[in-house]
Amino acid sequence: MDFLNDLNSQQRQAVTAAPGQTLVLAGPGSGKTRVLTNRIAYLVQAMGVRPYHILAVTFTNKAAREMQTRLERLFGATLDGIWLGTFHAACARILRREADYLPVSSSFVIMDADDQETLVKRALKELNISDKLYRPSSVHAAISNAKNNLTLPENFPTRNYRDEVIVRLYERYQQLLQASNGVDFDDLLLMTVNLLENHPEVKERYARRFEHVLVDEFQDTNVAQYQLLGQLSSYHHNLYAVGDEDQSIYRWRGADYRNVLRFAEDFPGCQKILLEQNYRSTQTVLDAARAVIDRNPYRTPKNLRSDRGPGNPILSYEAVDDHAEAAYVVDTIQQLVSGGKCKGSDFAVMYRTNAQSRLLEEAFLRSGLPYRLVGAQRFYGRREIKDMISFLRLVHNPADEVSLMRVINVPPRGIGDKTLVALQLAARQAGAGPGEVLIDLGRQGDQSPYWKSFSGRGATVLVDFGAMLSDWREGSQALTLPALFDRILNDTVYQAYLDDGSEEGQGRWENVQELRKLAYEYQDRGLTEFLENLALVSDQDTLPEQTDAPTLLTLHAAKGLEFSHVFIIGLDEGLIPHSRSIDDPEEMAEERRLFYVGLTRARNQLYLVRAGQRSTYGSYEVSEPSRFLSDIPEELVHTQGNRSHGRRSTSAWQDATRWQTRSAPSAMKSAPVVERRFPPGSRVNHPTWGEGMVVDSRIQDEEETVDVFFDSVGFKRLLASAAKLERIRK
DNA sequence: GCGTTACATATTTTT
DNA sequence: TATGTAACGC
């Protein structure tokens, strides 16, 4: 049990906890994943638990993979029989096994968020409800919300007329889903919980098997997930939850950090262990983070400690506008990288909204520095990728109407609204799905009973497409996945459709080939598994790793990561906290946690950046500093630049920007030992240049360096000890 | 049925 | 800004 020696006492206590319900509250950087994996190792090695009896659930595939890798390292082999994966993957697995109990067959497709919205739109259309009054995204959110709370249409609380309409939409939506032999993302959880609830014998089977249930990021569980954990651990009662209320940032998706509090109420005998030793950040970072998060109510106070000493002060910078903000970030990174002090991969730039990445990207492109963008342009969200996946899904499951409607006329083959309406009608009259009708048409041509339901031209084009589809279906038995893929590409002449000679078209075609490459990897596993993985694996999981470039990402995407140098930009009211959060205290608390998550990603150096004005789609607006900034104790922060000096000619300001950038202290330097004599804002006198105002001042190599804006000559950078500076009163 | 255009539209976070 | 859609003309 060597691994126990490398743990601190809190960690060891957590890893070796007695069976039963255990709650580990793990502050950022406290070795949470390590505790989780070592716990599994401990269960297997010390307590003799067979991996077969262990279930470990995470929220992301990445986290699951990370645990997998660490376990392999600990054991020198893969653990046979263990269930280790995301909530959704585990549920999908259960549902496919137990499909006999379900309204769908075991080959059900998993509908992603886009598909869900498409279904909502169809429900709106069918029920003749205005999509202006009932925006699809909002209806989708309401349905999703209900499902996350285990609310079925019949239990949906209707407080007003709008709710009643939503219930009707919810019901129709559900019908459409099932007609497509589909299960949406939320159903994976909801249906599993209901299955276990309504069939105690099924529940017992799983609960008996899983002697130990472990959960990562417990604070992000929603009602359904919480319920599920209870069910799965209902026989052996060994539930091991690791999380941190302070890092709960998915409230909008139904996550409820109060589950952490509920855990203690529901299991009064549970053990609660706090991990407060931080191995990531300097004490300065932790102190700032703590000052921010301590203002949140309803949490377990934690005292995060670091052995790494105070480190560098936090640098804060206020740019004139959002362009200058981006320029500051890029310039600073460029200086530190070209100075050889840092690698590109030491840096991360975090922001609240994806839209903010654009100016950054432009600035990076201008500078020639490579960068890595997380999230924004989703590979699986691209049109061409969705098209190809839809073809494959259709082959796998012709009942999938969402996919059918997506690609029935892609590339354009003369199937327009009129023909589609006729197809829907014919299907409804026959009590079949449009997919079946289509395939029958394809097989039998004018001999098909459906033939006469269509006009001459409509019938022909439908027969053509139906023939293709039924061909693929037969092919799917005989052909390998990549071969099927190519067959589809060929038959649809998809390349010609995409690659119109433009750069964009070429890019799209490359994406298709990228997907084909992936299909190639699945040739031994087949279509079903390929599709399941496409549905459950997000883009975040397919990030190219190991590029030596700064990472651009949202604060949400940053959770679980760490970087030496972290920039958090857009620290303005309306962005952080986001304007949609200001009138709801719970939302506001979540914004605070989000900022906290960002702060605690930094190992060495934090940069807090904002802009005095920024363009919100079109026009510029003046912005106020984020309220969270004032929660950070001043002594932890070193303010760079100072917009408040009187004149601000463009050139002087640009000088200042560039200049301060260059002088950003390196992360590796220790904290200042010399006292500053000329704090920013003070007036000084110089023998040759006369009076000026100190704009910036910092200690470097035990020397005080100051930036002064002189009334006579503008900006100068001086060594305080060498220049005969004199401080004067205003 | 298709493609173009103008126009309106709404802009958080996504396993 | 950028995206989607409604309307129009072919």
Side-chain angles (χ1 to χ4, degrees), chain A residues 57-64 85-92 110 112-114 116-118 121 125 131-132 135-138 140-141 144 147-148 184-186 188-189 216-217 220-222 224-225 247-255 322 350-359 362 374-378 380-381 383 408-422 455 457-458 460-461 497 500 535-541 553-560 570 574-582 584 587 590-591 593-595 597-598 614-620:
Chain A
V57 278
T58 62
F59 275 85
T60 66
N61 293 289
K62 202 165 126 202
T86 64
F87 270 102
H88 291 89
C91 287
I110 299 168
D112 68 15
D114 281 347
Q116 288 178 273
E117 207 142 310
T118 308
K121 283 182 191 156
K125 199 170 258 172
D131 59 356
K132 295 276 186 295
R135 319 219 50 258
S137 59
S138 129
H140 170 213
S144 182
K147 289 188 172 185
N148 285 329
D184 73 20
F185 234 69
D186 307 308
L188 289 173
L189 302 170
D216 189 19
E217 306 280 15
D220 284 335
T221 50
N222 58 33
Q225 286 156 334
Q247 295 184 65
S248 170
I249 53 174
Y250 288 105
R251 187 182 124 87
W252 47 275
R253 233 171 53 196
D322 42 7
M350 302 175 186
Y351 35 81
R352 179 64 230 267
T353 69
N354 271 315
Q356 292 172 267
S357 70
R358 239 187 65 213
L359 286 177
E362 284 169 17
V374 175
Q377 18 70 294
R378 298 152 31 228
Y380 295 113
R383 199 170 54 235
I408 193 167
N409 200 30
V410 174
R413 55 174 67 88
I415 303 177
D417 280 347
K418 249 184 162 171
T419 313
L420 280 184
V421 170
S455 70
R457 202 177 46 175
T460 325
V461 283
Y497 163 69
D500 51 4
L536 294 178
V537 168
S538 76
D539 300 290
Q540 308 252 342
D541 299 310
L553 74 182
T554 63
L555 287 163
H556 281 90
K559 193 169 80 161
L575 271 176
I576 316 174
H578 196 271
S579 50
R580 301 223 168 172
S581 310
I582 42 166
D584 180 346
E587 296 272 308
E590 176 138 321
E591 295 291 307
R593 291 193 292 269
L594 191 54
F595 183 44
V597 165
R614 58 179 71 244
S615 73
T616 339
Y617 66 102
S619 63
Y620 269 88

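Computed from heavy atoms alone, side chains included, the values below leave out hydrogens, waters and symmetry copies. Order of the sequence lines fixes the chain letters, A, B, ..., with proteins taken first and strands second; residue numbering starts at 1 for each chain.
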Check residues 414-422 of chain A and write down every donor-acceptor pair under 3.5 Å in which the side-chain atom is one partner and the other belongs to a residue at least two apart or another chain.
none

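- When the side-chain nitrogen and oxygen atoms of A:S615 are compared with OP1 and OP2 of C:dT1, none of them lie within a distance under 4.0 Å.
- Rounding to whole angstrom units, CG of residue A:L536 and C1' of B:dT14 are separated by 14 Å.
- Ion pairing between A:D220 and A:K559 holds under the 4.0 Å rule for side-chain N and carboxylate O.
- Taking only side-chain atoms of A:P412, from C-beta outward, the nucleotide of B:dG1, B:dT13, B:dG3 with the closest atom is B:dG3.
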Could you list the protein-to-nucleotides 7-9 of chain B atom pairs, N/O on both sides, closer than 3.5 Å?
none

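- For A:R358, the listed nucleotide lying nearest its side chain is C:dA2; candidates were B:dG3, C:dA2, B:dG1.
- In this structure, the side chain of A:Q225 engages the main chain of A:N222 through a donor-acceptor pair within 3.5 Å.
- Listed candidates were B:dG1, C:dT5, B:dT14. Nearest to the side chain of A:R253 is B:dT14.
- Here the P atom of nucleotide B:dT14 and the CH2 atom of A:W252 are 6 Å apart, to the nearest Å.
- A:T86 comes within 4.0 angstrom of no nucleic acid atom, judged by non-hydrogen atoms across all strands.
- For A:F185 and B:dT14, the CZ to P distance is 13 Å, given to the nearest whole Å.
- A:Y620 places its OH atom 10 Å from the P atom of C:dT1, with the value rounded to the nearest Å.
- Nearest to the side chain of A:T353, among B:dC2, C:dT5, B:dT13, sits B:dT13.
- Between A:N354 and B:dT13 there is a side-chain N or O to OP1 or OP2 distance below 4.0 Å.
- Residues A:E591 and A:I249 fail the side-chain proximity criterion, which asks for heavy atoms closer than 4.5 Å.
- Nearer to the 5' terminus of DNA chain B, by closest-nucleotide assignment, is the contact made by A:D417 (compared with the other of A:D417 and A:D186).
- Rounded to whole Å, the distance from NE2 on A:H140 to P on B:dT13 is 15 Å.
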Exercise for the section: Would you sort out whether A:R580 and A:E587 count as a salt bridge (charged side-chain N to carboxylate O under 4.0 Å, His left out), showing the intermediate values? Expected result: CA-CA 8 Å; A:R580 301 223 168 172; A:E587 296 272 308; over 6 Å; no
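- Straight-line distance from the CD1 atom of A:I415 to the P atom of B:dG1: 10 Å, rounded to whole Å.
- What separates NE2 of A:H578 from C1' of B:dA10 is a distance of 12 Å, to the nearest Å.
- For A:A141, there are no side chain to side chain contact (heavy atoms under 4.5 Å, CB included) partners at least two apart in sequence or on another chain.
- Within the 4.0 angstrom heavy-atom criterion, only backbone atoms of the sugar-phosphate kind lie near A:N409; the bases stay farther away.
- Under a 4.0 Å N-O distance rule, the pair A:R251/A:D584 qualifies as a salt bridge.
- Each of A:T58 and A:E591 has a nearest nucleotide on DNA chain B; the 5'-most of these lies closest to A:E591.
- Ring pair A:H556/A:W252 is perpendicular by interplanar angle, where above 60° counts as perpendicular and below 30° as parallel.
- A:R457 comes within contact range of the sugar-phosphate backbone alone, with a heavy-atom separation under 4.0 Å but no base atom that close.
- The aromatic ring of A:Y250 does not stack onto the base of B:dT14, failing the criterion of a centre distance under 5.5 Å from the six-membered base ring together with planes under 30° apart.
- Residue A:T419 is in sugar-phosphate contact alone, with no base atom involved, counting any heavy-atom pair closer than 4.0 Å across all strands shown.
- When rounded to the nearest whole Å, the span between CZ of A:R580 and P of B:dA10 equals 10 Å.
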